[in-house]
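Index from 1, following the sequence.
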Amino acid sequence: MREVAFIKQNKEKWLEFEQAIFGKSKKNPDDLASLYIHLVNDLAYARTYYPKSKTVVYLNHLASITYQKIYKTKREETNRLVYFFTTEVPLIVYRNRRYVLYAFLLFIAFTAIGAISAAHDDSFARLIMGDDYVNRTIQNIENGDPVAVYKGGGNWGMAFGITFNNLKVGLILFITGITGGIGTALFLFQNSVMLGSFQYFFYERGVFWASVRGIWIHGSMEIFAMVIEAAAGLILGAGILFPKTRSRIESLKLSFRDSLKIVVSTMPFTIGAGLLEGFVTRYSKEMPMVLNIAIILITLIAISYYYLVYPYKVNRKINSLQPAPHEEA
């Protein structure tokens, strides 16, 4: 059967199914399970005869969401918060993995622009970071402590202030996605260029490694979370620009819900980064090199695993638990 005929034959059934799982129509669990069996059979057929088609992507998306609705453990028996972080968010990240990739590509490109600009223009760092900050940092470098700026103020005061600022940055990256992602990209540009010029500033003065030892103790989670929050903003923007089969309002609602959940998932990492900046970064110069590197690697591996590896494992697990074609649910 040609794909066009296959879609035409099953379109009404799929639309009925989509309305059921997204709450537009009420279905009892038995009816939903019956529809699910038909959906899985259609997915298996599409995978066999149209393996590279967008129809496969669409049906797989419906099947994954429905599986969660039908087969997930009851809330009374499962901690909702645990389910949110261990299953719900990873599946959302997996479905939107292209936007995570886009966010990282933009981050790398913008950071490189900042570093290259600083390398070719001595005044660029001052333009981006301000004369006062640059002068204080130069003084700290001359005093033998390049990251002394992180030693100012009390532990709790700095931790609270930095955490609040980073949470605000994350929310701005997310909310500005309402502009179709343009606002998110511009705000990511601003922060990434600052990071690139900031790191080149230390490199140019021969204290790059000392800056890495200090900045990236908290920066591994802080910067990584910022990129994921930018991805959330791009997801929100895509929901407006590319509604696909849904109305633009419905697409916006769904993309807002999913992207907001991603932003919420970054908050524990952002809070952790703030605590590290307030309580640990200030001792980076005095602490053993091994401990310093261990903190950077452990935090980087933890957040990288959660957003780049774990979503694939959760998706594979969900797919493996779905019944095979013609199998009783």
Given Phe189 and Phe110, is the ring pair (Phe, Tyr, Trp, His ring centres under 6.0 Å) satisfied, shown in steps?
CA-CA 6 Å; Phe189 175 82; Phe110 294 160; 5.0 Å; yes
Stepwise side chain to side chain donor-acceptor pair (under 3.5 Å) test for Ser265 and Tyr307
CA-CA 10 Å; Ser265 76; Tyr307 287 108; 2.7 Å; yes
Verdict with reasoning, Tyr305 to Lys313, per side chain to side chain donor-acceptor pair (under 3.5 Å):
CA-CA 10 Å; Tyr305 177 82; Lys313 297 184 70 172; 3.2 Å; yes
Thr270 and Glu222: CA distance, side-chain angles, deciding distance, side chain to side chain donor-acceptor pair (under 3.5 Å) verdict:
CA-CA 6 Å; Thr270 300; Glu222 178 184 308; over 6 Å; no
Is there a side chain to side chain donor-acceptor pair (under 3.5 Å) between Arg47 and Asn60? Walk through the geometry before answering.
CA-CA 10 Å; Arg47 280 174 172 168; Asn60 188 65; 2.9 Å; yes
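Using a 30° and 60° split on the angle between ring planes, Tyr50 and Phe6 fall in the tilted class, from 30° to 60°. Under the 30°/60° scheme for interplanar angles, the aromatic rings of Tyr306 and Phe269 are found to be tilted.
Between Ile296 and Val212, the shortest heavy-atom contact is CD1-O, 3.7 Å.
Proximity of a side-chain donor or acceptor of Tyr310 to a complementary backbone N or O of Thr86 within less than 3.5 Å is detected. For the pair Ser259 (side chain) and Gly233 (backbone), a donor-acceptor distance under 3.5 Å is absent. A donor-acceptor contact shorter than 3.5 Å is absent between the side chain of Asn315 and the backbone of Pro311. Checked by atom type and distance alone, the side chain of Ser211 pairs as donor or acceptor with a backbone atom of Phe208 at under 3.5 Å. Although no hydrogens or angles enter the test, the distance criterion places no donor-acceptor pair under 3.5 Å between the side chain of Lys285 and the main chain of Arg213. Put simply, the side chain of Asn165 never gets that close to the backbone of Gly161: no donor and acceptor are under 3.5 Å apart. For the pair Ser192 (side chain) and Thr111 (backbone), a donor-acceptor distance under 3.5 Å is absent. With Asp121 contributing its side chain and Ser117 its backbone, the two residues share no donor-acceptor pair below 3.5 Å. Checked by atom type and distance alone, the side chain of Asp145 never pairs as donor or acceptor with a backbone atom of Ile141 at under 3.5 Å. For His61 (side chain) and Val57 (main-chain N/O), no donor-acceptor pair under 3.5 Å exists by modelled atom type.
At a threshold of 4.5 Å between non-hydrogen side-chain atoms, the residues Leu173 and Met226 count as touching. You'll find the side chain of Leu234 stays beyond 4.5 Å of the side chain of Phe174, heavy atoms only. Using a 4.5 Å heavy-atom cutoff, the side chains of Trp14 and Tyr58 are in contact. The shortest side-chain heavy-atom distance between Asn140 and Pro146 does not fall under the 4.5 Å cut-off. Tyr49 is not listed as a side-chain neighbour of Val56, based on a closest heavy-atom distance of 4.5 Å or more. Contact annotation: the side chain of Met129 never approaches that of Thr137 to less than 4.5 Å [non-hydrogen atoms, C-beta and beyond]. At a threshold of 4.5 Å between non-hydrogen side-chain atoms, the residues Val82 and Thr87 do not count as touching. Put simply, the side chain of Phe187 reaches to within 4.5 Å of the side chain of Val169, judged on heavy atoms.
Rounding to the nearest 0.5 Å places CD of Glu229 at 11.0 Å from OG1 of Thr176. One finds the CG atom of Leu39 at 5.5 Å from the CG atom of Leu62 (value rounded to the nearest 0.5 Å). Distance check: Thr266 OG1 to Asn166 CG gives 10.0 Å after rounding to the nearest 0.5 Å.
With Tyr83 as the aromatic partner, Arg80 does not meet the cation-pi criteria of under 6.0 angstrom to the ring centre and within 45 degrees of the ring axis. A cation-pi arrangement is present between Arg205 and Phe201 under the rule of less than 6.0 angstrom and at most 45 degrees off the ring axis.
Residue pairs that meet the side chain to side chain donor-acceptor pair (under 3.5 Å) test with at least one member in residues 294-303, sequence neighbours left out, do not exist here.
When the side chains of ILVMFWY residues are joined at heavy-atom separations under 4.5 Å, either directly or via intervening members, Val227 and Ile182 end up in two distinct hydrophobic clusters. By the criterion of side-chain heavy atoms lying less than 4.5 angstrom apart, applied directly or through intervening Ile, Leu, Val, Met, Phe, Trp or Tyr residues, Phe107 is grouped together with Leu300 in one hydrophobic cluster. Hydrophobic clustering, with ILVMFWY side chains joined whenever heavy atoms are under 4.5 angstrom apart, keeps Tyr102 apart from Leu186. Ile301 and Val290 fall into different hydrophobic clusters, where Ile, Leu, Val, Met, Phe, Trp and Tyr residues are linked whenever their side-chain heavy atoms come under 4.5 Å apart, directly or through other members. Cluster annotation: Tyr99 and Leu101 are assigned to distinct hydrophobic clusters (Ile/Leu/Val/Met/Phe/Trp/Tyr, side-chain heavy-atom contacts under 4.5 Å, transitive).
Trp216 and Phe198 have their aromatic ring centers separated by at least 6.0 angstrom. Annotation: Phe279 is in aromatic contact with Trp156 [ring centroid separation under 6.0 Å].
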